[in-house]
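Take a look at the structure below.
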Amino acid sequence: MSPTLLQFDFPYDGPFGAAMTAAFDGLARDIAAEDGLIWKIWTENTETRRAGGVYLFRDAEAAERYRAKHAARLAAFGVTGIVAHAFDVNGPLSAITRAPL
């Protein structure tokens, strides 16, 4: 069983920066409690009006369970154009490049 990286990217009109932090504090805490989550990096780009995240899960099953849950949550918020990709992690090469595995 190897870790699985999950990447979400979607159109987003804001808020960004500190306002985003304040608006999504509760969501971040909920995501932090997700079964199988090792970590998440939140992404945002004010120029392209996109947001998302990069997640590391303990295995593909946990990643897929969360992908389905989060895609449904985003769709319920009216978000369209959601792109989600899952990747197996190559641990030995990632260790060489200092990945926080």
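Positions are given from 1, in the same order as the sequence printed here. Computed from heavy atoms alone, side chains included, the values below leave out hydrogens, waters and symmetry copies.
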Note to self: Under a 3.5 Å distance rule, please check whether E44 uses its side chain to pair with a backbone N or O of G17 as donor and acceptor.
What the structure shows: yes

Next item on the list: Could you pull out the closest heavy-atom pair between R49 and G14, with the gap in Å?
Entry: NH2-N, 4.4 Å

Check: Are L74 and V54 in one and the same hydrophobic cluster, where Ile, Leu, Val, Met, Phe, Trp and Tyr link if side-chain heavy atoms are under 4.5 Å apart?
Finding: no

Item checked: For A23 against P15, the heavy-atom pair lying closest together -> CB-CG, 4.1 Å

Next item on the list: Using the rule that two of Ile, Leu, Val, Met, Phe, Trp, Tyr join whenever any of their side-chain heavy atoms come within less than 4.5 Å, decide whether F16 and L27 are in one cluster.
Entry: yes

Item checked: Heavy-atom donor-acceptor pair, W39 side chain to P100 backbone, under 3.5 Å -> yes

Next item on the list: Any chance you could measure R73, atom CZ, to I31, atom CD1, to the nearest 0.5 Å?
Entry: 5.0 Å

Note to self: Tell me which pairs pass side chain to side chain donor-acceptor pair (under 3.5 Å) where either residue lies in residues 2-17, with sequence neighbours left out.
What the structure shows: D9-R50

Check: Does the side chain of F57 reach to within under 4.5 Å of the side chain of L5, using non-hydrogen atoms?
Finding: no

Notebook entry, point to check: If you round to the nearest 0.5 Å, how far is OG1 of T43 from CZ of F8?
Noted result: 11.0 Å

Please tabulate, for the side chains in residues 76-91, all donor-acceptor contacts under 3.5 angstrom to protein atoms that are two or more places apart in sequence or on a different chain.
| from | atom 1 | to | atom 2 | distance (Å) |
| --- | --- | --- | --- | --- |
| N90 | OD1 | L93 | N | 3.0 |

Check: CZ of R58 to CG of L37: how many Å apart, nearest 0.5 Å?
Finding: 10.0 Å

Next item on the list: With Y55 as reference, evaluate R67, K40, E34 under the side-chain hydrogen bond (donor to acceptor under 3.5 Å, both in side chains) test and give the passing residue.
Entry: K40

